[in-house]
Amino acid sequence: MAQQIEEILNDEFVGKKVELRGWIYRKRRVGKLIFIVLRDSTDIVQCVVEKRKIPEETFKLLDKVGVESSLVLKGTVRKEERAPTGYEVDVEEIAVVGPSYNFPISKDKSDEFLLDNRHLWVRSREMNAILKIRHTVFKALHEFFRDRGYYETQGPMFVTGAVEGGSTLFEVPYFGKKVYLTQSSQFYLETLIFSLEKVYTVAPSFRAEKSRTRRHLTEYWHAEAEAAWYHNDDMMRDEEDMIVHIIQRVLEERKKELKYLNRDIELLQNIEKPFERMRYEKLINFAQEHGVNIEYGDDLGADEETAITKHFNAPVFITHYPREIKPFYHRPDPDNPNVILCHDLLAPEGYGEIIGGGERIYKLEVLLQRMEEEGLNPEDYYWYVDLRKYGSVPHAGFGLGMDRFVWWIAGLSHIKYAIPYPRTIRRTKP
RNA sequence: GCCGCCGUAGCUUAGUUGGCUGGAGCGGCCGGCUGUUAACCGGCAGGUCGCAGGUUCGAAUCCUGCCGGCGGCGCCA
């Protein structure tokens, strides 16, 4: 039975025979010795091949093949301070499974080149660490929702109407008709709360925004939830519990990866509930006091978000936006109908918005009035309007950008590093 | 929709006030080396300077158009 590299890197394995399977990460030949740094999904370990211990042809082949060749080897573990991970394997048997010559990625690499070769770059230690963190984020998200009594469900990807602005829909030919790729599953989740009460989904969302920024993808992973009988505050409570739970899990399971990425772990460890809740109006004052050029009624731009979030060590909820700058479905505040019962969650360190959510309008007249204000035709949204006709209830929900979340947690410079195959305005390959 | 930047060998690049045969590192190939750390030493090969047109005695270098890419704003998650 073969071992994985991570498990043999300790004193218990010293003197023991192991079988390893992996890929050549680095290779150095020194006379009748070949040093092979082997990698597998778990870690790297240096293996020493002595010419006299293996067949002549095998040594020649090993000398010839390049990095990323796949190998199976047997050998004995030894403590070795000179080796990169503190232990070394003296090789007794070794076989090349799949040779690799002239692997395109070497030490010099540009951003563009690595994106063109993403299918090979995913093997890098850096991407390996990011992908593991991403895995834990997704896993912990599911844990949270299941523990909190949410049902997992799914909406369609082909849709006929916009949730957000109509200009950012991707059109798809559909048997002589036109449909669109979904921007959000929110409206479908709203229908499902009448059956399941609390629902969530993790699915791609597509936005044809011509955005060229470090925080935008055209296809991104969207975690969305809706809950019946929830008000804005109830939803924010679940969200902060969720964020804290996921961060906790990442700190438990992925410290090694965070360190590899030089993430400031202390910043994550210091995040505590409850998060600051700040009304939009107060935020504007706060921002103005800190020299940000913004007025009441402006939506927050990237510069403002950065300036504001740099003053906080934890995520901050911004609530009660003016109704004009948010979509029609948000419920106006009964105490002041000029503002809505909504919230955005801004991640610290300048990462900015990762969640948008709020309480939905549940009264028919209010919904119809808001649609009229926005120039929307209720017939196009007949099924959404219907929900307010047949036993409507107060409810709230949110959408979390999973890639943005990973981007922040891993402390990455650009969101394209947070997903295996980023789709941006210019990039659809590989 | 708006603003800015880049394109020279497989990769990373130097060279851009127009002027000698466009240099280098990595990688590749050949040879050497029993403790290397993206090893080192010697040698060799590798170029449509993104494409097209223009200016000029002369263009990688200047101009125009096109193609490809990157970053930022706005919008958003």
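Note that these values count all heavy atoms, side chains included, but never hydrogens, waters or copies made by symmetry.
With rounding to whole Å, A:Glu353 atom CD is found 8 Å from B:C76 atom P. At whole-Å resolution of the value, CD in A:Glu209 and P in B:G74 are 12 Å apart. The CG-P distance, from A:Leu346 to B:C76, rounds to 13 Å in whole Å. Remark: P of B:A77 and CD of A:Glu224 are 9 Å apart, rounded to the nearest angstrom. The NZ-P distance, from A:Lys210 to B:G72, rounds to 19 Å in whole Å. Look at CD on A:Gln46: it is 10 Å from P on B:U36, rounded to the nearest Å. In this structure, the CZ atom of A:Arg29 is 17 Å from the P atom of B:G42, given to the nearest Å. Per the geometry, NZ belonging to A:Lys27 stands 12 Å off P belonging to B:G27, to the nearest Å.
A salt bridge links A:Glu68 with A:Arg123: the closest approach of a Lys/Arg side-chain nitrogen to an acidic carboxylate oxygen falls below 4.0 angstrom. Note on A:Lys256 versus A:Glu6: salt bridge recorded, some NZ/NE/NH1/NH2 to OD/OE distance being below 4.0 Å. With respect to the salt-bridge test (charged N to carboxylate O, under 4.0 angstrom), the residues A:Glu50 and A:Lys32 do not qualify. Between A:Arg21 and A:Asp40, none of the side-chain N atoms (NZ, or NE/NH1/NH2) sits under 4.0 Å from a carboxylate O, so this pair counts as no salt bridge.
Pairing analysis of RNA chain B (Watson-Crick: purine N1 to pyrimidine N3 plus N6-O4 or O6-N4; G-U wobble: N1-O2 and O6-N3; both under 3.5 Å) yields stems of 3 or more pairs at B:1-7 with B:67-73, B:10-13 with B:23-26, B:28-32 with B:40-44, B:50-54 with B:62-66.
A:Glu359 and A:His330 share no side-chain donor-acceptor pair at under 3.5 Å. A donor and an acceptor atom, one from each side chain of A:Gln186 and A:Glu224, are nowhere located under 3.5 Å apart. A donor-acceptor contact closer than 3.5 angstrom links the side chains of A:Tyr220 and A:Arg207. Counted by atom type alone, A:Gln183 and A:Thr168 present one or more donor-acceptor pairs between their side chains at under 3.5 Å.
Toward the 5′ end of RNA chain B lies the nearest nucleotide of A:Val48, the other residue of the pair A:Val48 and A:Leu345 mapping further downstream.
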Heteroatom pairs (N/O) under 3.5 angstrom, protein to nucleotides 43-50 of chain B:
none

Any N/O pairs under 3.5 Å between the protein and nucleotides 9-13 of chain B? List them or say none.
from: B:C11; atom 1: O2'; to: A:Asp108; atom 2: O; distance (Å): 2.2
from: B:U12; atom 1: OP1; to: A:Ser110; atom 2: N; distance (Å): 3.3
from: B:U12; atom 1: OP1; to: A:Ser110; atom 2: OG; distance (Å): 2.3

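By the stacking rule of 5.5 Å between ring centres and under 30° between planes, A:Tyr220 stacks on the base of B:A77.
Between B:G71 and B:G25, the two C1' atoms lie 27 Å apart (nearest whole Å). If you take atom C1' in B:G47 and the same atom in B:G7, they sit 15 Å apart, rounded to whole Å. If you take atom C1' in B:U64 and the same atom in B:G27, they sit 38 Å apart, rounded to whole Å. For B:A9 and B:G1, the C1' atoms lie 39 Å apart once the distance is rounded to whole Å. Comparing the C1' positions of B:G18 and B:A60 gives an interatomic distance of 11 Å, to the nearest angstrom. Comparing B:C26 with B:A38, their P atoms are spaced 14 Å from each other, to the whole Å.
Which of B:G1, B:C76, B:U34 sits closest to the side chain of A:Arg52 comes down to B:U34. The side chain of A:Leu115 sits closest to B:C70 out of B:A38, B:C70, B:A77.
For B:C70, its base never sits under 3.5 Å from the side chain of A:Arg214 at any donor and acceptor pair. With hydrogens and angles ignored, no donor-acceptor pair closer than 3.5 Å exists between the side chain of A:Glu50 and the base of B:G35. Contact annotation: side chain of A:Ser211 to base of B:C76, donor-acceptor pair absent below 3.5 Å.
Considering A:Tyr381, A:Tyr362, A:Phe187, A:Tyr384 in turn, A:Phe187 is the only one that fulfils the ring pair (Phe, Tyr, Trp, His ring centres under 6.0 Å) rule with A:Tyr329. Among the candidates A:Arg28, A:Glu80, A:Arg26, A:Arg82, the single residue satisfying the side chain to side chain donor-acceptor pair (under 3.5 Å) test with A:Gln46 is A:Arg28.
Residues from residues 58-82 of chain A lying near RNA chain B, meaning a heavy-atom separation below 4.0 Å, are A:Arg78, A:Glu80, A:Arg82 in numerical order. The stretch residues 412-430 of chain A touches RNA chain B through A:His414, A:Lys416, A:Arg426, A:Arg427, each having a heavy atom within less than 4.0 Å of the strand.
At least one side-chain heavy atom of A:Tyr150 sits less than 4.5 Å from a side-chain heavy atom of A:Asp238.
Sorted by first and then second residue, the ring pair (Phe, Tyr, Trp, His ring centres under 6.0 Å) pairs involving residues 68-121 of chain A (not counting sequence neighbours) form an empty list.
Using a 4.0 Å heavy-atom distance criterion, A:Asp299 is classed as a sugar-phosphate-only contact.
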